[in-house]
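Written below as structure tokens is the structure these notes are about.
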Amino acid sequence: MGKFLIAPRPVGPIYMGSERRPHFWLDKIARDIIEREERLGRKIDVLRVESGIGASGFPHIGSVGDSLRAYGVKLALEELGYKSELIAYSDDRDGLRKVPAGVPEEYSKYLGMPVSEIPDPWGCHSSYGEHMSSMLIDALEKLGIEFTFISGTEAYKSGLLDEQVSKLLKNNSKVDRIIREEVGSSKPEGWIHYWPRCERCGRIYTTRVLKVIPEEGKVIYACDQEFKGIKGCGYVGEASYLRGDGKLSWKGEFAARWAALGIVFEPHGKDITDSFRVNERIAREVLGYEPPLTVMYEMFLDSTKRKISKSAGNVITPQMWMEFSPPEALRMLMFKRYHGTRSISLQSSPLYINELENNVRKYHNLERIRSERDRITLKRLMEFTYLMEGVPEPWPYRYSAVLNVVSMLPRDIGFEELLRVAADLISKYYGVDPDSLLSDDIFRRYVYYAKNYVENFGSRELGTVEINGKVLEAVNSFIDSLSEDMSDEDIQNLAFETARGKGVPVREFFRALYMILLGQPQGPKLGPLISRVGVNRFKDLYRKSLEEGRVVRKE
RNA sequence: GGGCCCGUAGCUCAGCAUGGAAGAGCACCCGGCUUUUAACCGGGGGGUCGCGGGUUCGAAUCCCGCCGGGCCCGCCA
């Protein structure tokens, strides 16, 4: 199908190579999916894409990337005129493998038990697993992702996977062989890759299937394996695999889900590439289901390119992200590309927001982008970033300005007061109506992000400023002449008078002041800025800059 | 032991699938505009495309080898 989207062109030197059309990666995947499904002759009334939702630990920023990318593919499929659905499948049937930091130590007693059967440490959800997955679901909703939720536990209990589980167990020797061929196995030859839940101790990772009884839909098992130092309880019993008294191991669970739900696309992190490869073969060779198209994405690193991990203390949760920058910035970051190791940090949030603002502006000036490829990439990136609901008109102010202003204001004044003062200053900077800022959701959020940023990371690091000696004298004279009782106007006039009186170009004079205070050559109108910040506070800030050696006299 | 990603301008990165005159943004420099409100405008400098081979009329792009940075997996998912 994809090929027919490209119109035939006349042959000739002018068209050499021009049949290569630039494309955005999500659009390409969507076209590939459709082409593939048609070739396979599957019915394509609803194209289901899937994303797993972890339920074993706290979600981090990478967890939402998987779902976000899958959702992007769903949007792209819909744009091509197909119905599509995102399945968010919670892995709450998985056993607890380790007790994450932040969960009571004594939870080690639950190791090996399905997380949906472990009590919620905080008591607010029906289980540990539900608590964890609900945190991720909450984040997905904040990101504007629509999905159909399926709980793994429910899936097993409802019989959704019965057919596939039966097939896998009946063909367990074939499954075992594939596993051995692809990744090897330390289990004895002929191992049956299914985890029955021990009726007595409730664990699944300490059991071993002794025998499959297909005609009764059950297995005989022994709870005699060791898992993470925990020994099985020794119980021997039988479990129905049709009622879901257990679960498939990873070597087959994806395959079962794909076949049962008819999944055509699922992204995966590189940590489970082996798992994917095995499952692809099992789906194809045992279940007779051609596995979904996939993309592999890299894990996230922090700004110093170190792996994000709980022990390193650099974990970013989606909830933390939302305290510092908007969901659309995160969507943009995730949709930009899917390969290459990504580094991400909350401290860089002003950069991400700046990029978002620039891209929104560029989107409304597309004709200015010369290269067709860049044009298409930017156009689609922004349309996906705004979930196909329309890219907003650029707003007339910058986050960097809001952050600068907020970082200079006293911090103990309360949010509403901070908002008012910031609106006042920003309105003067950009020449917009302060009331419209106060009722503007983006502005309100900007002030919120900026407040959090300053409280967590301090003011933005300002570089050293070199200032011409004569200009510096003028600046000093200006600072000395300031007094508490001056109005906005007085201060503004004083600035001009001082500059002229000292024979310094007005532009240079202002530039110097803004560089010292904000680290950038322009800022909100000076009189009101100093007045809102407070003359004495302003003098302190200036004195500090001098003391810290940030301001260097240049002849 | 197995596998993956990255290396292109000072910085952040596109471009590589399908080989056809090295790109963007930021930064920098020059010029313009303005009693700072620029969310600017015009121009400019700057790259042995990590290194070495190979294929080719032609390689950033394909193949092989190496160097540097980083990541993942080893039965848990």
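The structure displayed is predicted, hence computed values, not measured ones. Sequence lines set the chain letters: A, B, ... in the order given, protein chains first and strands last, and positions in each chain run from 1. What's counted below: heavy atoms across the whole structure, side chains too, no hydrogens, waters or symmetry copies.
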Which whole number of Å gives the distance between the [atom1] atom of [N] and that of [M]?
N: B/G47; M: B/C6; atom1: P; value: 26 Å
N: B/C63; M: B/A17; atom1: C1'; value: 16 Å
N: B/C26; M: B/G52; atom1: C1'; value: 34 Å
N: B/C41; M: B/C4; atom1: C1'; value: 46 Å
N: B/G50; M: B/U8; atom1: P; value: 6 Å

Interatomic distance, [X] [atom1] vs [N] [atom2] [rounded to whole Å]:
X: A/Phe496; N: B/U34; atom1: CZ; atom2: P; answer: 14 Å
X: A/Trp250; N: B/C73; atom1: CH2; atom2: P; answer: 12 Å
X: A/Arg361; N: B/A24; atom1: CZ; atom2: P; answer: 21 Å
X: A/Ile426; N: B/U37; atom1: CD1; atom2: P; answer: 15 Å
X: A/Asn279; N: B/C73; atom1: CG; atom2: P; answer: 16 Å
X: A/Gln225; N: B/C75; atom1: CD; atom2: P; answer: 14 Å
X: A/Leu248; N: B/A77; atom1: CG; atom2: P; answer: 10 Å
X: A/Glu355; N: B/C11; atom1: CD; atom2: C1'; answer: 14 Å

Presence of donor-acceptor pair under 3.5 Å, side chain of [X] and base of [N]:
X: A/Lys251; N: B/C75; answer: yes
X: A/Gln492; N: B/U36; answer: yes
X: A/Lys187; N: B/C75; answer: no

Sugar-phosphate only, base, or nothing, as touched by A/Asp274 at under 4.0 Å among non-hydrogen atoms: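 It contacts sugar-phosphate atoms only.
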Sugar-phosphate, base or nothing in reach of A/Gly54, heavy atoms under 4.0 Å: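 Counting heavy atoms under 4.0 Å across all strands, no contact is made by A/Gly54.
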Phosphate contact (B/A77 OP1 or OP2) by A/Trp195 side-chain N/O below 4.0 Å: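 It does, given that an N or O in the side chain of A/Trp195 lies less than 4.0 Å from OP1 or OP2 of B/A77.
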A/Tyr205 side chain near B/A77 phosphate (N/O to OP1/OP2, under 4.0 Å):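 For A/Tyr205, the contact criterion (side-chain N or O under 4.0 Å from OP1 or OP2 of B/A77) is met.
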Per A/Lys270 side chain, nearest of listed nucleotides B/A77, B/C72, B/G25: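 Between B/A77, B/C72, B/G25, the one nearest the side chain of A/Lys270 would be B/C72.
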